[in-house]
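So you know, we letter chains A, B, ... as the sequences are listed, proteins then strands, and number each from 1. On a predicted model such as this, the values are computed, not experimentally measured, just so you know.
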Amino acid sequence: MPTSDASGLDVEAIREDFPILERKIGGDVTVPGPDETDDQPLYYLDNAATSHTPRQVVEAMTDYYYEYNSNVHRGIHSLSQEASIAYEEAHDRAAEFVGADGREEVVFTKNTTEAFNLVAYTWGLTELEPGENVVTTQMEHHASLVTWQQLCEKQGAEIRYVEIDEDGRLDMDDLRSKVDDDTAMVSAVHVSNTLGTINPVSEITDIAHEHGALSFIDGAQAVPTRPVDVAEIDADFYAFSGHKMLGPTGIGVLYGKQHLLEELPPFLVGGAMIRRVEFEGTTWEDLPWKFEAGTPPIAEAVGLTAAIDYLEDVGMEAIERHESELARYAYDRLSEFDDIEIYGPHEERGGLVGFNLEGVHAHDLSSILDDHGVAVRAGDHCTQPLHDVLGVPASTRASFYLYNTREEIDELIDAVDTARQLFA
Amino acid sequence: MPTSDASGLDVEAIREDFPILERKIGGDVTVPGPDETDDQPLYYLDNAATSHTPRQVVEAMTDYYYEYNSNVHRGIHSLSQEASIAYEEAHDRAAEFVGADGREEVVFTKNTTEAFNLVAYTWGLTELEPGENVVTTQMEHHASLVTWQQLCEKQGAEIRYVEIDEDGRLDMDDLRSKVDDDTAMVSAVHVSNTLGTINPVSEITDIAHEHGALSFIDGAQAVPTRPVDVAEIDADFYAFSGHKMLGPTGIGVLYGKQHLLEELPPFLVGGAMIRRVEFEGTTWEDLPWKFEAGTPPIAEAVGLTAAIDYLEDVGMEAIERHESELARYAYDRLSEFDDIEIYGPHEERGGLVGFNLEGVHAHDLSSILDDHGVAVRAGDHCTQPLHDVLGVPASTRASFYLYNTREEIDELIDAVDTARQLFA
Amino acid sequence: MSGSDMYRQQILDHYKNPRNYGEMQDPDFSHVGENPSCGDTIQVDVKLADDDETIEQVAFSGDGCAISQAAASLLTETLPGKSIDELQAMDTDDIVDMLGVDISPMRIKCAVLARQVAQDGSKLYRGELDEKDRTITEE
Amino acid sequence: MSGSDMYRQQILDHYKNPRNYGEMQDPDFSHVGENPSCGDTIQVDVKLADDDETIEQVAFSGDGCAISQAAASLLTETLPGKSIDELQAMDTDDIVDMLGVDISPMRIKCAVLARQVAQDGSKLYRGELDEKDRTITEE
Ligand SMILES: Cc1ncc(COP(=O)(O)O)c(C=O)c1O
Ligand SMILES: Cc1ncc(COP(=O)(O)O)c(C=O)c1O
């Protein structure tokens, strides 16, 4: 597959780092992995759900398991020292990648979802009071929306959802009117996983701060796809997941401003996060360890470091350009058809396009696309309330990453046409 | 290294599955992995902290990443179906391995520590009331001890610690006297990670049930090392970690009786654990998904399945015999020296021996052992209160697994002797 | 078990021209179900013969994907003449046989929704099920 | 940076025969520290010269591993004659130089405990530090 865009990425070379892109599909799916009846090339356009994992990341984890696997923090023997250093430095690397001040501001969680819950359980249960409110948006992922909704219910606080306009952009006037001096937290998604909308998170954070509220930005779709600087955004909390940025499953990152994390009580308690335990009481470790109880995701941290190395080698600006270009191309090609409805803005969008083909349920469409090797996501994308706003039960989403090409989008368009014929 | 015991394990063949056992150490530890100055063979006796990972497990995860990596549950395309089936079946496999009734009773957490916290946050915050008490033991790991301690403090409940006798066994009379009709939870470690004591967890659970209390058994050291049947124990909750049983980091298991898990509110909220989300409220998924919010540890679940396969291939009875034999041998050899104090019972012990060499701090001893390639753990092993009871700030622990040999214990004894000479 | 295989003529025909679509006037029992993540919703109305056991007529309404709707439509043709016991004995294989195509694992929940709705409806009718708001076949 | 390398003659000698061990009668300042996971505890007592700036005499007490105790013992010999400013300027490298051996990464916290206790003590004395219960050098 040739390099097919002007973003400067050597897509052909990149694809060689991802063995799964050679995979054929079409046969028995009840047995994981390829089988002889698989005969259809794969066009993987489901990157917003999870990205694939390059050799460099898998090999870094294999090296960990084969060469210096050990529990961390407390061991004095050589393997434990090596593992500890790698694990601790992974925090530095993640901090640097998103512009945090240092490892004190980087807590490893299991995923973005846990990062939200961590803040809800620690900040939320101790600080959020009846009469106060949390402002979030109609386009939040369930990780954020359900967390704030449930927290507000528990605390007797109000939850407010900022509306979207017809283009699928955040209505900033509505946001300004909903944030008031009783607002304790403003939480918004950086890049919408359904609409592709890129929100003005720095402005949103400023508005929060003007009213003395904190801001929590959901970066699950942003960190993998563009340069992110949490200091520039001035976000109080920011979260993302390893598995969406070429890294492994089982690891996510909560960024928090140091003074905030210091003030919060711990979340999970147990080993590694304590300083001194007596039968009568316990004192806590310093940051970030205070928030990392038990044996942490060590191999996953090593994998995350390798993923960050890979992304920086390619260059986040180039990845952003490549994605934007593919998204624009997909949007334009899908726009050619009157029976296709596209969601989200045309300009300034992340590298994904959500749409529906008239008369064909998204799940049926996805099944038919799969038959042509085109892997997209169909459903509610963990944004059910947003789908209610859009007035559809589900949508189909094609999402792109550094290894995707225009040719794959052409395959998508062709496969959509087959579905159109079938249901005509 | 020849097979060195009568347990029936082919240790030599087993060792070939673990590339890390070929590792040399002794050089620079600030750079993870081997370097040219490493010249000392490794004798890894720190298995209670974390076990090593056989090729079969690493390769299963590599296959996942290279062949069917995808997000789970909701995807319709082939990769997602394959990943979903593998992920869901991992629950069945874990259920079967410990005698649970089915996947409904198996929640994947990040580790044992999170399993305890999950129950504390869900059951504890909603059910535990002032005036009630939680009974646990002096030999609990911080994962259990700190969790119950903090929960009781929050809820205004009482925490009671069952004492140990001189041999390091649980004082069952003390337990019987501490469990009363106000006891809501009895939590005990199955195999102590410091003393090696094997607790009568079935009897403990019976006592809890006689008083209408629940039981939570910490199986972090038991599941890796012996056949475990949660139904036979009749435990209400039972927890263990993948990384201690040849599996990857980043995954643990909470077993819970189905009717209990059904009654509990969710813990982490977000994607995948919801049924229907509206701006006004949310309903939850069925078990076990209700407790698994966000993208779960998919590759890790695949790795855990492979680890269970490996353990069952070798045979849990044989592993238990092998471990017991090594522990007895180590105990007996360490007993030859008057300046060595051993903790825990002589008979019926798990595969680990904790001790101190008179006049040498455990950390110094561990540093010197490391110089001889002997990797042991030195410190408080996340049981600080137990160390207070034992009257020592720290201890040194040698812990064995299926790939260890008597010869490695001889190396330990020789290295201890070097330390003895050095400090004489 | 691949996508287009599922969309054979019969399925598409029943999806495009659903049989017995609409709400019944005087059903003996009626029940609804949905799969929230799909947005599939189905109501099944059943009229029994005088023996209070034999299914006489079945109607369905609702919307959703082709698999769920075609399965409901086919079911309204299959059930009449069967007994409630026979309905309750139907399993997933029976539905797959009825559809005449392999259903991929992630779509099984769509295929079996109508059957489960009918079964739960009959159980509620017989008092064998305490109370059930909506039937759901998603895990 | 391997184990036995750390236990050269000087370290073992200071561990077995600690210098200036015990509590001082009339220290100008005194402070304690511990590393809970090690069980290392150290108290450092300091007597200043009349200039209220030059360290005249240092004693330590406590117990723990050889590295922490030897470092404390060595420090009591190194500090007299130095100024408080000089004490406060000491960094980890100075301690490693003082010990004369490489310290492995996980043991650095043991090596620097006594120095940190002395530094915190001097800051408390000068009012540069608000209040500090115990000094800890574990992360
Ligand atoms: C008895 C016991 N319980 C709990 C744990 C905690 O396990 P994890 O660190 O995997 O959460 C351990 C391991 O350190 C243990 O040995
Ligand atoms: C915008 C957004 N937020 C949060 C999440 C949740 O991420 P995770 O499932 O890794 O917790 C996702 C991914 O599904 C997402 O797209």
Under 4.5 Å from any heavy atom of chain A - which part of [X]:
{"X": "Val389(B)", "result": "side chain"}
{"X": "Leu42(B)", "result": "side chain"}
{"X": "Ser51(B)", "result": "backbone"}
{"X": "Val57(B)", "result": "neither"}
{"X": "Tyr65(B)", "result": "both"}

Flag the pair [X] / [Y] as yes when at least one side-chain heavy-atom distance between them is below 4.5 Å, and no otherwise.
{"X": "Thr62(A)", "Y": "Thr62(B)", "answer": "yes"}
{"X": "Leu268(A)", "Y": "Lys110(B)", "answer": "yes"}
{"X": "Arg23(A)", "Y": "Tyr66(B)", "answer": "no"}
{"X": "Ile20(A)", "Y": "Leu79(B)", "answer": "yes"}
{"X": "Ile25(A)", "Y": "Glu82(B)", "answer": "no"}
{"X": "Met61(A)", "Y": "Thr53(B)", "answer": "no"}
{"X": "Val269(B)", "Y": "His142(A)", "answer": "no"}

For chain A, which of [options] has the most heavy-atom pairs under 4.5 Å?
{"options": "Val277(B), Ile159(B), Thr113(B)", "value": "Val277(B)"}
{"options": "Ala301(B), Pro32(B), Gly373(B)", "value": "Pro32(B)"}
{"options": "His141(B), Gln150(B), Glu22(B), Arg276(B)", "value": "Arg276(B)"}
{"options": "Ala293(B), Pro54(B), Gly379(B)", "value": "Ala293(B)"}
{"options": "Ala86(B), Ala299(B), Ser366(B)", "value": "Ser366(B)"}
{"options": "Ser144(B), Ala49(B), Pro296(B), Ser241(B)", "value": "Ala49(B)"}

Distance-only side-chain donor-acceptor flag, Thr295(A) / Asn111(B), under 3.5 Å: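 No donor-acceptor contact under 3.5 Å links the two side chains.
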[X] versus chain B, the contacting section by heavy-atom distance below 4.5 Å:
{"X": "Tyr161(A)", "value": "side chain"}
{"X": "His243(A)", "value": "side chain"}
{"X": "Val302(A)", "value": "neither"}
{"X": "Gln138(A)", "value": "both"}
{"X": "Ile251(A)", "value": "neither"}

Trace of the side chain to side chain contact (heavy atoms under 4.5 Å, CB included) decision for Tyr64(A) with Val58(B): CA-CA 10 Å; Tyr64(A) 167 76; Val58(B) 172; over 6 Å; no
Quick one: pull up [atom1] in [X] and [atom2] in [Y] and give me the separation to the nearest 0.5 Å.
{"X": "Thr282(A)", "Y": "Leu145(B)", "atom1": "OG1", "atom2": "CG", "value": "7.0 Å"}
{"X": "Phe18(A)", "Y": "Asn69(B)", "atom1": "CZ", "atom2": "CG", "value": "10.0 Å"}
{"X": "Cys382(A)", "Y": "Met273(B)", "atom1": "SG", "atom2": "CE", "value": "11.5 Å"}

Lys24(A)/Glu67(B) under salt bridge (charged side-chain N to carboxylate O under 4.0 Å, His left out): CA gap, chis, key distance, verdict: CA-CA 9 Å; Lys24(A) 299 252 185 314; Glu67(B) 296 184 347; over 6 Å; no
Determine the minimum heavy-atom distance between [X] and [Y], stating which atoms define it.
{"X": "Ser78(B)", "Y": "Gly26(A)", "value": "OG-N, 4.4 Å"}
{"X": "Gly33(B)", "Y": "Tyr68(A)", "value": "N-CD2, 3.6 Å"}
{"X": "Tyr44(A)", "Y": "His77(B)", "value": "CE1-CE1, 4.1 Å"}

Intermediate values then yes/no, side chain to side chain contact (heavy atoms under 4.5 Å, CB included), Glu300(A) and Glu300(B): CA-CA 10 Å; Glu300(A) 291 78 4; Glu300(B) 291 77 3; 2.6 Å; yes
Which of [options] touches chain B most, by non-hydrogen pairs under 4.5 Å:
{"options": "Leu21(A), Thr147(A), Thr109(A)", "answer": "Thr147(A)"}
{"options": "Asp63(A), Leu369(A), Val376(A), Thr112(A)", "answer": "Val376(A)"}
{"options": "Gly252(A), Ala143(A), Ala120(A), Pro266(A)", "answer": "Ala143(A)"}

Flag, side chain of Asn71(B) to backbone of Thr50(A), donor-acceptor distance under 3.5 Å: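 Not a single qualifying donor-acceptor pair exists.
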Test log, rule side chain to side chain contact (heavy atoms under 4.5 Å, CB included), inputs Glu278(B) and Gln149(A): CA-CA 10 Å; Glu278(B) 289 169 356; Gln149(A) 178 192 71; 5.8 Å; no
Side chain to side chain contact (heavy atoms under 4.5 Å, CB included) between Ile76(A) and Arg377(B), intermediate numbers included: CA-CA 7 Å; Ile76(A) 284 169; Arg377(B) 183 116 317 200; over 6 Å; no
Close aromatic pair by centroid cut-off 6.0 Å: Phe267(A) and Tyr121(B):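 Yes - the distance between ring centres of Phe267(A) and Tyr121(B) falls below the 6.0 Å cut-off.
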